Asker: 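Have a look at the structure that comes next, please.
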Amino acid sequence: MDIIFENVNYTYQPNTPFSHQALKDISLEIKSGSFVAVVGHTGSGKSTLLQHLNALLQPTSGRLVLGNVELPGAHHEQIKSIRQRVGLLFQYPEHQLFEETVKKELLFGPKNFGFDLKQVETELNDSLQEVGLEESVLDRSPFELSGGQMKRVALASMLLAKPQVLVLDEPTAGLDPLGQKKMMQLFKSLHENKQHTVVLVTHNMDDAMRYAEKVIVLNQGTVECVKSPSELIHERDRLKAIGLDVPEPVEFVEYMKARLGVLWEEEDINEQTISRTLVKHLKGGATS
Amino acid sequence: MIQFDQVSFQYKPNTPYVLNDINLTVSEGEWVSILGQNGSGKSTAAKLINGLLRPIEGRVLIDDTEITDETVYQVRRHVGMVFQNPENQFVGTTVLDDVAFGLENIGVPREEMIDRIDESLKQVGMLDYKNHEPTRLSGGQKQRVAIASVLAMKPKIIVFDEATSMLDPVGKKEIIETMQYLHKHYKLTVIMITHDLNEAAYSDHVITLHKGRVWLQGTPRNLFQYGEKLKEVGLEPTLVTKVYQSLKRESFHIKEEPIHFKELVDELWTLYLKT
């Protein structure tokens, strides 16, 4: 399903003294099957935007198209179908887990969406395996698990509802480096093998640049720019100006250029291209 | 000074030991990072330092006093903790109330309390937010208030248990800078629990735990030298380490293992390009 924002505005508590406009005239398109990242400083409107993606919030004005459903104005059944087709993974898994056992937790979504539970039960083990959990967790309380395991349970329960779009809010925060990498690889393979649309909301510019095809940069409720990672590496000053982190490899390259007079000729910036360029420069290849 | 003397710990009987025969010494005024993957025992070690947990075997000593039922409340005054999730450590309805909470608990006189609150909020740059509600602050600001609450108790040691891992890059930077300032000006002993090697680079010493045992104890440079081997204990070598390893394969060496890309680039310039 394609996702299209057309001049979307969203205001919290409108017509009150606490009124606050979190999204201002947002227009953008997320193509079916694409992998996009949404980045922005705290308060840029990221969370508000992501809550629109599964109709937890609806535009105050403007138009939002989610596949064949248009907001505002959709009826209850259509909104329910959006909730099934767009899975949301929250930053704090404890905010979305509530059942007594992992098994009940996993079955909750499918039950709610009217799936055949006998069929779903046969899929439980595969689904645990997919997210890297052992079968033995099924009878445990989700709250006894570690943060990383809880996140995997939340992810498995999201996947069992068979969504087309995965919306991931800071999915790797609080995980150790190995866990972070595995989690990102898992999203990548879901995207590649099952054609899921992935919307990654993150502060981590390294992840955004490494995995996304397009990066949507938000600033104070507006779309600052939409760029591919290879375009974004040239926007260092702009990213800094709006309080975003410049990925470490980009800083590395800037420093090499300034200090050593290195000529940067590579398209991508990563450890291989940095090493290659440095070696070339040290051997005198770049200056000769 | 913090000492772990043959400390072992398990959460329940007949479950695997989370910490196994740990011996450690952290001197006064040191900044030590405890690294390790999820489940390596690092948060358990942190909770042993202020007596939230007690060893099954062995002893934990703070300034030569063993933590026991009798000494734990005394010891805890010297050891402050800042946790991972800023949401989970607020009790007051305003920033001021929150910092006052701990002081009320230990019965500090009102006049002194006012001074201590202002002083500690000032040290973390949050004095202007004294009457704000904690819920309306950013993640980094919340963590700085949490630090102020700890600081008001005049601890000798502060344990930061993954205190930056939920924050955005700006928030992370705020907290690291606050830690550096406090470490320098108050000669505080800082224990930082983390899995971020770039963060650990700021410390005097690093202790890496793996499966409940000490895997490595040394300087950040010692740790960075392990390169790809760090993956065995669930850590990710930093970008500078990876680049330096490729350079070494091409026979470009510098004097010391670099812990920051600027160091590497500066050294390369001095050794190979300076004319």
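For clarity, every value in this text was computed on a predicted model and none was experimentally measured. Letters go in sequence order (proteins before strands), and every chain restarts at 1.
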Asker: Quick check: are there more than 12 heavy atoms from other residues, nucleotides or ligands sitting under 6.0 Å from OH of B:Tyr129?
Answerer: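 12 or below, so no.
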Asker: Check the pair B:Asp266, A:Tyr255 against side chain to side chain contact (heavy atoms under 4.5 Å, CB included), reporting the backbone distance first and the verdict last.
Answerer: CA-CA 10 Å; B:Asp266 290 348; A:Tyr255 195 71; 2.7 Å; yes
Asker: For B:Glu228, is the CD atom crowded, meaning more than 12 foreign heavy atoms sit under 6.0 Å from it?
Answerer: yes
Asker: Considering residues, nucleotides and ligands other than A:Glu266, do more than 12 of their heavy atoms fall under 6.0 Å from its CD?
Answerer: yes
Asker: Should the heavy atoms of other residues, nucleotides or ligands under 6.0 Å from NZ of A:Lys227 be counted, would the total exceed 12?
Answerer: yes
Asker: Around atom CD of A:Gln185, are there more than 12 heavy atoms from other residues, nucleotides or ligands closer than 6.0 Å?
Answerer: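 Result for CD/A:Gln185: enclosed.
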Asker: Look at atom CZ of A:Arg210 and say whether more than 12 heavy atoms of other residues, nucleotides or ligands are closer to it than 6.0 Å.
Answerer: no
Asker: Heavy-atom cut-off 4.5 Å, strictly under: side chain, backbone, both or neither for B:Asp196 against chain A?
Answerer: neither
Asker: With rounding to the nearest 0.5 angstrom, report the OG1 to CZ distance, B:Thr270 to A:Arg259.
Answerer: 6.0 Å
Asker: Can you tell me if NZ on B:Lys173 sees more than 12 non-hydrogen neighbours from other groups inside 6.0 Å?
Answerer: no
Asker: Do you know which two heavy atoms are closest between A:Leu175 and B:Asn38, and how far apart they sit?
Answerer: CA-ND2, 4.2 Å
Asker: What distance separates B:Phe252 CZ from A:Lys283 NZ, expressed to the nearest 0.5 Å?
Answerer: 6.0 Å
Asker: Write down the atom of A:Ser275, the atom of B:Ser246, and the distance for their closest heavy-atom approach.
Answerer: OG-OG, 3.3 Å
Asker: Just do the side chain to side chain contact (heavy atoms under 4.5 Å, CB included) check on B:Leu247 and A:Leu282 with the steps written out, would you?
Answerer: CA-CA 10 Å; B:Leu247 290 179; A:Leu282 292 172; 4.2 Å; yes
Asker: Tell me the closest heavy-atom pair linking A:Gly174 and B:Gln84, and the distance in Å.
Answerer: CA-NE2, 3.7 Å
Asker: Where does A:Gln272 contact chain B at under 4.5 Å (heavy atoms): side chain, backbone, both or neither?
Answerer: neither
Asker: State whether the number of non-hydrogen atoms from other residues, nucleotides or ligands found under 6.0 Å of A:Glu267 atom CD is greater than 12.
Answerer: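 12 or below, so no.
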Asker: What part of B:Val170 is in contact with chain A, defined as an atom under 4.5 angstrom from a non-hydrogen atom: side chain, backbone, both or neither?
Answerer: side chain
Asker: Please answer whether the main-chain N or O of B:Pro169 pairs with a side-chain N or O of A:Asp245 as donor and acceptor at a distance below 3.5 Å.
Answerer: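 No: the side chain of A:Asp245 does not pair with the backbone of B:Pro169.
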Asker: Locate the shortest heavy-atom distance separating B:Val243 from A:Glu271; write the atom from each residue and the value.
Answerer: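 Result for this residue pair: CG2-O, 4.1 Å.
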Asker: Find out whether B:Glu236 and A:Leu178 are in side-chain contact, i.e. whether some heavy atom of one side chain is under 4.5 Å from a heavy atom of the other.
Answerer: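 They are not in contact (no side-chain heavy atoms under 4.5 Å apart), so the answer is no.
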Asker: Which heavy atom in B:Val265 sits nearest to a heavy atom in A:Phe252, and how many Å separate them?
Answerer: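 It is CG2-CE2, 3.8 Å.
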Asker: Between B:Leu264 and chain A, which part of the residue has a heavy atom less than 4.5 Å away: side chain, backbone, both or neither?
Answerer: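 Only the side chain of B:Leu264 comes within 4.5 Å of chain A.
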Asker: Once you round to the nearest 0.5 Å, how far does CG of B:Leu273 lie from NE2 of A:His281?
Answerer: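 Going from CG on B:Leu273 over to NE2 on A:His281, the span is 5.0 Å.
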Asker: Could you tell me whether the side chain of A:Lys181 reaches within less than 4.5 Å of the side chain of B:Lys231, counting heavy atoms only?
Answerer: yes
Asker: About how many Å separate CD of B:Glu250 and NZ of A:Lys280, when rounded to the nearest 0.5 Å?
Answerer: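 With rounding to 0.5 Å, NZ (A:Lys280) is 13.0 Å from CD (B:Glu250).
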Asker: Starting at CG of A:Asp176, measure out to CG of B:Leu35 and round the result to the nearest 0.5 Å.
Answerer: 11.0 Å
Asker: When rounded to the nearest 0.5 angstrom, what is the spacing between CD in A:Glu170 and CG in B:Asp168?
Answerer: 8.5 Å
